[in-house]
Student: 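Once you've had a glance at the structure underneath, I'll fire off some questions.
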Amino acid sequence: MDAIQIYGGNRLEGQTKVQGSKNAVLPILAATLLINGTCEIKNCPVISDVHHMLRLMESLCCKIERSGHTIRIYTGQLFGHDMPCNMPSDSVCVMRSSIMLLGALLARTGRVDMQYPGGCVIGKRPIDLHLKGLRKMGVVIEEREDGFLAETKGLIGAEHKLPFVSVGATENLVLAAVLAKGDTVIENAAREPEICALCDFLNQAGARIEGAGTSRILIRGVEKLHEVSYEVPADRIVAGTYLAACLCCGGEIYLKDAPCSQMTAVNVAAASMGAEVYEGSDGLQIVCKDKRKMPERLRTDSYPGFPTDLQSAFLTAMTMAEGRGTMEETIFENRFHIVGQLQKMGAKIICKENTVSVEGIERLKGNILQAEELRGGAALVLAGSAADGSSIVENRHFIERGYENICQDLRDLGVRCETMEYSGRV
Ligand code: UD1
């Protein structure tokens, strides 16, 4: 079994470079489908979600060349009505971002037959907002048990008012609107930095999008887009994970390229736990003395609030802070999978609906832990890094969906950890 072994207890010291953003690059890769030509994507993280997205795009007849962190994608000969589309179902089902292909493909080919997307086991994660919005833009969608067929004779601009904030639905509607006839407005749009990155990419390719980063996005449909070269911004969630590692273990670290301006809520949360966070010339410095304070209450929210993707990493740090506090999850209804694992390590946590109460203890104890999803899995590696003794985190592949090389990064920061193949016995 794929796993990570960690010998816990080191204080952190050192520097690591933050990889390109997973949540930015996935919709940008989908957006290249809107461009009839070759795009170059730089600073692309080498993670399994990107691998799956590229595999899906190859199945749509894209030509892909990859050299390190740079990808060149030729989308000049996509499959059309007359060619079968065989998107590999394991890649569709392994990650939710496969749904990003829908808006772009409809714009380009007018017909998409696909299975429902998968993703982390963190709640229901339906796609009703995506489908409702696309129907408003002239798409006929026939749903079946395991997927749907979506067809359009031409996308038309529409006014959308999302009933609640959805990052993915905002992105899909932007993708569908860029080449649609007329204007599209998205009210109550998500404001995440990844939406800004997608819209930057599209505007550089000739799209006319205004208001990205605000809750009202206006997209004026254009005839066509042109080829573009784009550099993916650094990953604020990966940076936040390593910041949380410093909260867990104590020490002093520098996160090169961390996107400080996107991390305000995270830095405020870290400061409330006693960390000193400084914006450097090209990154973030974190100094964390031995005793962490317990934040009275942390609560996830859509951007610019505290990100749900860092909930488990901060919860892990809270288990070793002084005092009592709570963490409330407001985005996903089932995102406290790691509570049981942390309890195995001695953490004092009580989980009630969407809130957990934590009573800090001096130190977690190493154990054999099971990752069940991406961010929770990374948080367990942090738990092992701070714990007494050694830990094994099973199911490394969940973590590799979003972290290029978490072991190397954490080693750069002073953690003793390595990947291993594990037979279930130590
Ligand atoms: C994206 C991020 C993910 C992050 C999440 C919230 C990517 C690849 N993933 O996921 O890392 O945790 O934003 O910041 O960017 N919902 C519906 N119907 C819909 C769409 C969403 O009910 O049609 C619900 C979801 O179940 C969830 C909430 O809306 O409870 C927010 O989901 P959404 O913002 O869409 O998350 P994703 O785009 O899937």
Side-chain angles (χ1 to χ4, degrees), residues 20-31 44-45 47-50 52-53 56 91-103 116-136 141 143 148 150 160-176 186 188-199 215 232-233 235-238 240-241 262 265-266 299-314 328-337 354 373-379 398-399 401-403:
S21 164
K22 162 177 115 49
N23 288 357
V25 79
L26 293 171
I28 287 172
L29 289 174
C44 180
I47 52 179
S48 64
D49 270 18
V50 165
H52 283 293
M53 185 58 112
L56 287 170
S91 289
V92 173
C93 296
V94 81
M95 59 168 185
R96 185 161 164 87
S97 292
S98 51
I99 194 66
M100 283 305 124
L101 296 167
L102 179 59
Y116 288 120
C120 286
V121 286
I122 56 178
K124 287 202 230 71
R125 307 189 88 182
I127 54 165
D128 52 324
L129 297 188
H130 301 241
L131 301 187
K132 189 173 169 213
L134 291 169
R135 283 187 169 116
K136 238 181 148 178
I141 301 169
E143 292 193 67
F148 57 87
H160 305 282
K161 186 160 175 39
L162 300 181
F164 50 86
V165 172
S166 161
V167 177
T170 303
E171 290 167 343
N172 230 339
L173 295 177
V174 166
L175 289 166
I186 308 172
N188 200 25
R191 290 178 285 167
E192 266 65 3
E194 294 75 26
I195 309 266
C196 298
L198 172 65
C199 294
S215 45
V232 177
D235 195 312
R236 65 191 170 101
I237 303 301
V238 170
T241 305
Q262 303 172 4
V266 177
R299 179 178 188 272
T300 64
D301 208 345
S302 49
Y303 191 83
F306 181 80
T308 172
D309 286 353
L310 289 174
Q311 177 252 99
S312 43
F314 271 69
E328 187 188 351
E329 171 59 56
T330 73
I331 308 290
F332 293 104
E333 74 279 9
N334 189 11
R335 206 172 196 182
F336 285 125
H337 279 275
N354 67 339
E373 42 95 11
L374 163 60
R375 304 297 172 190
F398 285 121
I399 301 169
R401 288 189 49 201
Y403 294 80

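Everything quoted here is computed from the prediction, not taken from an experiment. Atoms within a ligand are numbered from 1 in the order they appear, just like the ligands themselves.
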Student: Considering non-hydrogen atoms only, spot the tightest contact between I141 and R135 and give its length.
Tutor: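 It is O-NH2, 3.1 Å.
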Student: Using a heavy-atom cut-off of under 4.0 Å, does the side chain or the backbone of I237 touch ligand 1, or both, or neither?
Tutor: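 It is neither; nothing of I237 touches ligand 1.
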Student: Short list, please: which atoms of ligand 1 are under 4.0 Å from a heavy atom of P126?
Tutor: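 Those atoms are 17 (C), 18 (N), 19 (C), 20 (C), 21 (C), 22 (O), 23 (O), 26 (O).
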Student: Are any of the N or O atoms of D128 closer than 3.5 Å to those of ligand 1?
Tutor: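 Between D128 and ligand 1, an N or O pair is found under 3.5 Å apart.
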Student: Under 4.0 Å from a heavy atom of R335: which atoms of ligand 1 are those, numbered in the order shown and with their elements?
Tutor: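 Every atom of ligand 1 under 4.0 Å from some heavy atom of R335: 12 (O).
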Student: State whether D309 and R335 are salt-bridged, where the test is any N-O pair (Lys NZ or Arg NE/NH1/NH2 against Asp/Glu carboxylate O) under 4.0 Å.
Tutor: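 Looking at D309 and R335, the cut-off is met.
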Student: Between S97 and ligand 1, does any nitrogen or oxygen pair lie at a separation below 3.5 Å?
Tutor: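 No, no N or O pair falls under 3.5 Å.
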Student: I want to check something: taking the side chain as every heavy atom from C-beta on, are R236 and V266 in contact at a cut-off of under 4.5 Å?
Tutor: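 R236 does not reach V266 side chain to side chain.
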Student: So L129 and F164, do their side chains get closer than 4.5 Å, heavy atoms only?
Tutor: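 The answer is yes, as the side chains (C-beta and beyond) meet within the 4.5 Å cut-off.
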Student: Considering distance alone, does some N or O of I331 sit under 3.5 Å from an N or O of ligand 1?
Tutor: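 Such a contact does occur with ligand 1.
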Student: Answer yes or no for H130: is there a heavy-atom contact with ligand 1 below 4.0 Å?
Tutor: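 A heavy atom of H130 does come that close to ligand 1.
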Student: Looking at every heavy atom in both V25 and C44, which two are closest together, and how far apart are they?
Tutor: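 That would be CG2-SG, 3.8 Å.
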Student: Side chains of T300 and E328: donor-acceptor distance under 3.5 Å anywhere?
Tutor: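 The answer is no; no qualifying pair exists.
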Student: For a side-chain hydrogen bond (donor to acceptor under 3.5 Å, both in side chains) check, start with the C-alpha distance between T308 and E329, then their side-chain angles and the critical distance, and finish with the verdict.
Tutor: CA-CA 7 Å; T308 172; E329 171 59 56; 3.0 Å; yes
Student: Run the contact test for M53 against ligand 1 with a 4.0 Å cut-off on heavy atoms, strictly below, and give the result.
Tutor: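 False for this residue.
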Student: Considering only heavy atoms, which of G168, S21, A190 lies nearest to atom 38 (O) of ligand 1?
Tutor: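 Residue with the shortest heavy-atom distance to the ligand atom: G168.
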Student: Under 4.0 angstrom from ligand 1, any heavy atom of Y303?
Tutor: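 Judged by the 4.0 Å heavy-atom criterion, Y303 does not count as contacting ligand 1.
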Student: Polar-atom distance check: L129 versus ligand 1, any N or O pair below 3.5 Å?
Tutor: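 In this structure, L129 places an N or O atom under 3.5 Å from an N or O of ligand 1.
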Student: Do Y116 and E143 pass the side-chain hydrogen bond (donor to acceptor under 3.5 Å, both in side chains) test, and can you show the C-alpha distance, the side-chain angles, and the key distance before you say yes or no?
Tutor: CA-CA 10 Å; Y116 288 120; E143 292 193 67; 2.4 Å; yes
Student: State, yes or no, whether a side-chain contact exists between D301 and R299 at a heavy-atom distance under 4.5 Å.
Tutor: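 A side-chain contact under 4.5 Å exists here.
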Student: Is N23 close to ligand 1, meaning an N/O of one under 3.5 Å from an N/O of the other?
Tutor: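 The answer is yes, given that N23 and ligand 1 share an N or O pair closer than 3.5 Å.
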Student: Kindly confirm or rule out an N or O of D309 lying under 3.5 angstrom from an N or O of ligand 1.
Tutor: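 Between D309 and ligand 1, an N or O pair is found under 3.5 Å apart.
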Student: Applying a 4.0 Å heavy-atom criterion (strictly less than), which segment of R375 is in contact with ligand 1: side chain, backbone, both, or neither?
Tutor: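 Within the 4.0 Å criterion, R375 makes no contact with ligand 1.
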Student: Measuring from Y403:OH to S48:OG, what's the distance to the nearest 0.5 Å?
Tutor: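 Separation between the atoms: 12.5 Å.
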Student: For ligand 1, find out whether one of its N or O atoms is nearer than 3.5 Å to an N or O atom of V167.
Tutor: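 The answer is yes, given that V167 and ligand 1 share an N or O pair closer than 3.5 Å.
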Student: With nothing but distance in play, are any N or O atoms of T308 less than 3.5 Å from an N or O of ligand 1?
Tutor: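 Checking ligand 1 against T308, no N or O pair falls under 3.5 Å apart.
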